[in-house]
Amino acid sequence: MPWDRNQLAQRAAKELRDGFYVNLGIGIPTLVANYIPKGVSITLQSENGMLGMGPFPYEDEVDADLINAGKQTITELLGASYFSSADSFGMIRGGHIDLSILGAMEVSEKGDLANWMVPGKMVKGMGGAMDLVAGVKRVVVVMDHASKAGEPKLLKQCALPLTGKAVVDLVITNLGVFEVKRGEGMTLIELAEGVTLDDVKAQTEASYKVALT
Amino acid sequence: MPWDRNQLAQRAAKELRDGFYVNLGIGIPTLVANYIPKGVSITLQSENGMLGMGPFPYEDEVDADLINAGKQTITELLGASYFSSADSFGMIRGGHIDLSILGAMEVSEKGDLANWMVPGKMVKGMGGAMDLVAGVKRVVVVMDHASKAGEPKLLKQCALPLTGKAVVDLVITNLGVFEVKRGEGMTLIELAEGVTLDDVKAQTEASYKVALT
Amino acid sequence: MTGKIFKDARTALDGLLFDGMTIMAGGFGLCGIPENLILAIRDSGVKNLTVISNNAGVDGFGLGMLLNTRQIKKMISSYVGENKEFERQYLSGELELEFNPQGTLAERCRAGGAGIPGFYTKTGVGTVIAEGKEHKVFGGETYILETGLVADLSIIKAWKADPEGNLIYRKTARNFNPMMATAGKATVAEVEEIVPLGRLDANFVHTPGIFVQRLVQGKFEKRIEQRTVRQRESA
Amino acid sequence: MTGKIFKDARTALDGLLFDGMTIMAGGFGLCGIPENLILAIRDSGVKNLTVISNNAGVDGFGLGMLLNTRQIKKMISSYVGENKEFERQYLSGELELEFNPQGTLAERCRAGGAGIPGFYTKTGVGTVIAEGKEHKVFGGETYILETGLVADLSIIKAWKADPEGNLIYRKTARNFNPMMATAGKATVAEVEEIVPLGRLDANFVHTPGIFVQRLVQGKFEKRIEQRTVRQRESA
């Protein structure tokens, strides 16, 4: 059975290490915070200018001055700090964030990532995505293996405009997990329970090695 | 009579305007703070990271964490603020300081300034001088007209290594005041009481126009 | 000293507005935006504006109000997804749009205020953002040149100010406000409270008063875009 | 979470020192310098250091101690006027020295920590500082390219910390410490007091804990270079 949204998030949570500073994208990546492994303590960054982001507030805690990068109301944890967006992206660009988990439309076998625009459709903007993939130490993509129309999203080359070139380190899809190493390409290292190598092959355009662990 | 140190400072103080943010160099420029005209309120910047610098402390107010760019103990005034040296020089480089008053070894007729090193002698470093002359809106030099050996310090071209090229707007010497305009050169606009045009001419190498006001 | 405090947003902008000017506006989404100054700009009727702001407000609030009145000619932003009128004007060619990655936009404002006309970043290398920009290799990695931004006017929102113009911000309402405060030829700040001189701790001022030419105390709606809450477990 | 707090300066540096390394040291003059970490570096005997610091301490205090023991091979500084031993070693060719204008040095550290490998400045144009550097014209003015700096280790001094490594500085003891905190591959901070989690106001943290890997509480001499005082008028 392919992984569902929560299982994807749970698998992504295994990439967290104790003491990590982490930036989570919108959608499934946000769910990762629900599956932080025991004994692992992480600090969440919100790129609009905060470290130590907590869960959504209770109704009586809502504060218009306290939102995340998705413009959602949030809370602060003990030990939090606030800073300007320039300082926040200095932190990101300077390689101080350990891990970024984000969604994607397409990923190429070389680790190129496309997740910000579809030509012909209204473009909303890249927000902080280009900065995150260029600056964060390790970039993990969480996405469906194929589009709703059944088209592969792991490609030889991205068709959509890129968010970043050779920036992805790991791709977690509902079928399995792929490692991407610079200059070496993609390797399938894990399958979702009940998913076969043939299932993956049928829905993947990218070349990849197989080295299941 | 040529101006003495205090008269020089007093003349320089006439360059202050109400609301100005000002950086004062070490030596005579520091004395300028004693002659702020009535009705004029200025804010002093110390480039190590402070706005709103006050006078030297009383003995029981001395604070090792509160010094100026000359490493002297100082005090803070109401409305002061502290910031990092990066932010401080952002302020300077970004043209937010209205006026810098500093000393010089040599000034050229084009407004070049030399005040940081003498070849062959131990070089102590330029500190913040190059940033100040490059970034501050208006640069006023206060210096003796000639060296102790009687050599002119207002030159056609500086012999010493430059602190900045075409950066000086006004030179106040013990003999008088010279305006420097980009592309137009130097103009003598004021004489110290009792000093004659010939006195100035005898001690000046730079070409200058005369337009006494 | 000439006072920095003005009685309302309209008078605080007096003499600073002209057609075709460039305005930086602080805020992220609707968080920490200069609500009152935006309103006053709308009422002034000034037009052909280039507005530098991370977002463009929502329909009918924040910068969205200046879109409704067609006062904005061009936006420099990182994300404009929350605004239907924006979309309409952009798709019909009425509105110019320049996208900057969010961190690049933040740094461009910071650079402009700090006298840095250009800096290199790896953000956007290999993407459309890099097209036409100078590329340079440092330590084996490729970077692109981005330029500093300055504006004729910066309008920003802070929490508290003192009469010198020293500002402090609150929580994530800080966002783009501090850098934009430094990058305006004139900077006007609106705040929730002006406190007496000496009430702000000099050690914890976020924006020194040197960057703020004018100051106004305002009333704020503080609209929330995405009110997300959780339920208390029943006892 | 693995704790950041170490019991003394020596253990806080354990495993971080090696011959030939580059160290950034915060402080301006003797104000806001990491006294205890400098002592521990002296005692470690590590040598051939490149030290990036605005000044070089005085004879026998601050970085001056590492000059006495000849542990420093090269200094990158803006002003070194207060140190006779420095002068002697420099004039005899034992010590390399690279002068940077103070604001350029500060910005190079900030850039290094923020992932900016190069930036343009007008500081030093037309002087020896510009020799050999790339020149570029922006808006009719000439600027020179300066590069970002990073260090193997940054040692900094703050006033208070919490266990997450969040730091606040006091008055002008802030100086170079915040940027250097961001530019070290490892950053060790010494502070006057470590307060319990939650005691620092998140809104007024100067250096977020992400930049600080290790933390130590120290005792400080806080020597004053120029004690300048005025006399109270008699009553």
Side-chain angles (χ1 to χ4, degrees), chain A residues 16-23 36-54 63 65-67 74-100 128 130-137 139 164 167, chain D residues 1-5 24 106-119 147-151 154 158 160-169 178-187 189 194-215:
Chain A
L16 303 171
R17 299 287 173 272
D18 193 38
F20 263 23
Y21 292 90
V22 179
N23 185 293
I36 300 169
K38 265 190 193 156
V40 169
S41 170
I42 63 164
T43 304
L44 293 179
Q45 201 239 22
S46 188
E47 67 263 31
N48 46 323
M50 177 186 197
L51 274 169
M53 179 167 61
D63 183 341
D65 288 338
L66 181 44
I67 65 169
I74 50 164
T75 54
E76 78 175 45
L77 300 178
L78 280 187
S81 57
Y82 298 100
F83 32 84
S84 73
S85 299
D87 286 345
S88 182
F89 283 94
M91 202 176 276
I92 289 167
R93 201 188 305 105
H96 302 281
I97 306 286
D98 296 294
L99 181 65
S100 174
M130 286 191 180
D131 309 277
L132 282 160
V133 300
V136 171
K137 281 184 202 151
V139 173
V167 292
Chain D
M1 191 168 125
T2 319
K4 292 185 175 181
I5 303 171
M24 279 187 190
E107 190 64 20
R108 291 183 73 192
C109 298
R110 194 251 172 211
I116 292 172
F119 62 90
T147 56
L149 284 172
V150 291
S154 285
K160 295 182 184 180
D162 71 14
E164 294 281 348
N166 292 310
L167 305 180
I168 60 173
Y169 306 94
M179 301 81 79
M180 289 185 169
T182 70
K185 283 177 204 158
T187 292
I194 298 177
V195 302
L197 202 62
R199 196 70 67 79
L200 296 182
D201 185 337
N203 216 32
F204 298 107
V205 166
H206 291 136
T207 291
I210 189 172
F211 296 114
V212 178
Q213 282 72 52
R214 299 183 185 187
L215 206 54

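The basis for the numbers below is simple: all heavy atoms, side chains too, and nothing from hydrogens, waters or symmetry mates. Proteins come first, then strands; the chains are lettered A, B, ... in the order of their sequence lines, and each starts at number 1.
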**Q** Determine the option with the most heavy-atom pairs under 4.5 angstrom with chain D, choosing from A/Gly94, A/Gly95, A/Gly135.
**A**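 Winner by heavy-atom pair count: A/Gly94.
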
**Q** Which pair of non-hydrogen atoms, one from A/Leu51 and one from D/Pro208, has the smallest distance, and what is that distance?
**A**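 That closest heavy-atom pairing would be CD1-CB, 3.7 Å.
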
**Q** Might you point out which heavy atoms bring A/Ala80 and D/Asn166 nearest each other, and give the distance in Å?
**A**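 For A/Ala80 and D/Asn166, the tightest heavy-atom pair comes out as O-ND2, 4.1 Å.
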
**Q** I'd like to know if the side chain of A/Arg93 and the backbone of D/Ala114 have a donor-acceptor N/O pair within less than 3.5 Å.
**A**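 Present.
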
**Q** Side chain from CB out, backbone as N, CA, C, O: work out which of these in D/Arg110 comes under 4.5 Å of a heavy atom of chain A, or both, or neither.
**A**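 Side chain only.
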
**Q** Find the distance between OG (A/Ser81) and CG (D/Asp201) and round it off to the nearest 0.5 Å.
**A**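 So the OG of A/Ser81 and the CG of D/Asp201 are separated by 11.0 Å.
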
**Q** What is the minimum heavy-atom distance between A/Glu76 and D/Ala202, and which atoms define it?
**A**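 Nearest pair, atom of A/Glu76 first, then D/Ala202: OE2-CB, 3.9 Å.
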
**Q** Which heavy atom of A/Tyr21 sits nearest a heavy atom of D/Glu164, and at what distance?
**A**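 For A/Tyr21 versus D/Glu164, the nearest heavy atoms are OH-O, 4.0 Å.
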
**Q** Any donor-acceptor pair under 3.5 Å linking the side chain of A/His96 with the backbone of D/Phe211?
**A**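 A pair under 3.5 Å: no.
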
**Q** Please flag which part of D/Ile210 lies under 4.5 Å from any non-hydrogen atom of chain A: side chain, backbone, both or neither.
**A**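 Contact with chain A involves both backbone and side-chain atoms of D/Ile210.
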
